[in-house]
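Written out below as structure tokens is the structure these notes cover.
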There are 2 protein chains.
Amino acid sequence: MPIRNTDQIMHKAAWLYYSHGLRQDEVAQKLGISRASVATYLRRARETGIVNISTSTELFTDDVLARELEDATGVTTAWIVPEDRQAMDPTAEMPVLAASVFLELINKGDRVGVAWGRTVYHIADVMPFADLRGVTVVQLCGNLGAPYSYRPDQCTTEIARRLNAEGINFYAPLVLSSERLAEELRGEPVIREQLSTIADCHLALYSVGGIEDDSHLVKCGALSADEMHRMGEEGAVGVIAGQLIDGDGQWVNCAHNRRCISADLGSIRAIEKRMLVVQEDSKFEPLMAALKGGFASHLVVTTSMARRVMERWQRDGLSKVHAATV
Amino acid sequence: MPIRNTDQIMHKAAWLYYSHGLRQDEVAQKLGISRASVATYLRRARETGIVNISTSTELFTDDVLARELEDATGVTTAWIVPEDRQAMDPTAEMPVLAASVFLELINKGDRVGVAWGRTVYHIADVMPFADLRGVTVVQLCGNLGAPYSYRPDQCTTEIARRLNAEGINFYAPLVLSSERLAEELRGEPVIREQLSTIADCHLALYSVGGIEDDSHLVKCGALSADEMHRMGEEGAVGVIAGQLIDGDGQWVNCAHNRRCISADLGSIRAIEKRMLVVQEDSKFEPLMAALKGGFASHLVVTTSMARRVMERWQRDGLSKVHAATV
DNA sequence: GCAACGATTTGACTTATGTCATGAGCGGTG
DNA sequence: CACCGCTCATGACATAAGTCAAATCGTTGC
């Protein structure tokens, strides 16, 4: 892309204002434009990530409950969104927090994986703009349309766009109608190659899905409610990157999973920073499964969810999950 | 340190204002305090690094001259401060730019080395505040007082303070009166251990010094002007972390260097990101030596200096310096 | 128990910033 | 070359943010 002159001016304005601390009228004078234009340039600079304003998320890790969760479950860092006090609506708060945490966890040059679901969609939607050229955002699961939210490729693209990162999509359906076709497609060089790069990610972002009738997979038509029930009988309790996991967080050898094109769960577990975000209280059992399966090194949950996890973890006398042991 | 209640409120205010985009009066209402207090908290949040505002330094790398310098010399990235246009005083601009670049190059968890000199002092002085717990700032050279600027340990400490990082100092003088004493002191476990950790740094920040009568080392009394002349006759052309280097950027086996306690030049060259900042035009020869010696992977200079380097580099038919080859 | 101090809060004021309707510039097009 | 459609620039106004002296609060020392 050619370097537009306005971009140059925008950069200069941002530099003088934010890095040198000049006032807008001083910047205007120095650049020979009106102050109103400076204000416009500055907004654009913020919107394009040339200027980056970030807030430490320490507020949410600075909590005894977070320490306890980390100590008990082996999660590296936990962020806890309070529900009690006057604060904010936790449903609105969590995506903002998750987006900030996500940005905190990215390093220059990283490859990051993004999965899909209502939660991820909301996070993408409030993701701040940043200047992270050199970062690559890859799609963790195959595509599936959803009437009320982004498709997986759109999530990836949107996040990449906001970060000024490169987005790598993955043009295969999430679920196919036959196991044979899924198998063949997985074997296709283009697909196989992309799936194999997932283990090289430094960071992954996902939520865990439930298996109720109103779960995301059912709502999007990947499975009928009946089929989902049957999967539940076969041991499925949650969904990670479109795939069903059992109570221990292991891949379920069921019809749906065999028909599914998505990141191998082993590849996901191999990722250094596995960021799991859970909003809904109804996702308690899936969350437990994901934790046992080692799918979270960085966890964002509500206070009540954190308490329930602690309780259950202790009741069942579970020990820490180490990435190495899973 | 105990978590003060005001810190908690400051965090919340910063979070609501910067991450949620509420206005100050909305934040005030939500926290049950006055808007004036919110403004105060927000300033403190910026000053303590809880809120981080950074500007991309792309403006300064986005220049054909920078590309040419990188291609010719093998420097990974060059930032070039323009002198011509109306812009800013380059002497004031460069420390601000260098500080921004420095922050851009740091990653979470890094160990970074900081040397000493007028330039480094000025950079420390304009370093923005950031929340970089987990980062360690180490002192690259022994201590020496200076009437008009910080001591090495003060530079390290100041930068660490602003970054909320850990500062590791190094309590030995830069120069001793006898070679024997320097040798013995270098052998002391405390000192030796600290010097040995320098090669583990991910990033180092320094300038290059000259050997004129008004050079930093002479002004600070480490050497007399006469002694410096003699060192020049022995081949010294510049100073890196208090030590004299010759025209090829190699350690000079001279009285001063043997009496000096500082990071081993080999350790410095082993650091992945070697950030070299040169302000004064008079430092051309020292800069050439430092470049040949492989002391810069990331370079911040003025336009005129960049031009001179390009000219000389081509005239002498020099080739790229690779970190691996030095 | 009270004086004295520092830290924090606030209301009232000043200053800076955001916004928007309007107009200017500019390249393409019939 | 006149028209359109676009982006960008600007002045004037509305709004938000910064500042400061004075008041309040909480702690410490005597």
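Here is how names work: the chains are called A, B, and so on, in the same order as the sequence lines, proteins then strands, and each is numbered from 1.
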Do any side-chain nitrogens or oxygens of A:S37 fall under 4.0 Å of OP1 or OP2 in D:dT10?
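Answer is yes, contact under 4.0 Å.
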For D:dA9 and A:Y41 - does any side-chain N or O of the residue sit under 4.0 Å from the phosphate oxygens OP1/OP2?
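Checking A:Y41 against D:dA9: at least one side-chain N or O falls below 4.0 Å of OP1 or OP2.
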For [X] and [N], what is the distance between atoms [atom1] and [atom2] respectively, to the nearest whole Å?
| X | N | atom1 | atom2 | result |
| --- | --- | --- | --- | --- |
| A:R44 | C:dT19 | CZ | P | 15 Å |
| A:R43 | D:dA16 | CZ | P | 16 Å |
| B:L42 | D:dT19 | CG | P | 12 Å |
| B:M10 | C:dT8 | CE | C1' | 14 Å |
| A:Q8 | D:dC8 | CD | P | 15 Å |
| B:Q29 | D:dA17 | CD | P | 14 Å |
| B:E26 | D:dA16 | CD | P | 8 Å |

Do A:W15 and B:F60 have ring centres separated by under 6.0 Å?
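That pair passes the under 6.0 Å test.
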What's B:I33 touching, base or sugar-phosphate or nothing? Going by heavy atoms closer than 4.0 Å.
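It contacts sugar-phosphate atoms only.
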Donor-acceptor contacts, no H, no angles, side chain residues 106-114 of chain B, under 3.5 Å, sequence neighbours left out:
from, atom 1, to, atom 2, distance (Å)
B:D110, OD2, B:N107, N, 3.0
B:R111, NH1, B:T197, OG1, 3.2

Do any N or O atoms of the protein come closer than 3.5 Å to N or O atoms of nucleotides 15-17 of chain C, and which pairs are they?
from, atom 1, to, atom 2, distance (Å)
C:dA16, OP1, A:R23, NE, 2.8
C:dA16, OP1, A:R23, NH1, 3.2
C:dT17, OP1, A:Y17, OH, 2.8
C:dT17, OP2, A:Q24, N, 3.1

Compute whether any side-chain donor of one residue and acceptor of the other, for [X] and [Y], lie under 3.5 angstrom apart.
| X | Y | answer |
| --- | --- | --- |
| B:T48 | B:N164 | no |
| A:E104 | A:S54 | no |
| A:S34 | A:S37 | yes |

Restricting to pairs with a member in residues 154-169 of chain B, which pass salt bridge (charged side-chain N to carboxylate O under 4.0 Å, His left out), not counting sequence neighbours?
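Listed once each, the pairs are B:E158-B:R161, B:E158-B:R162.
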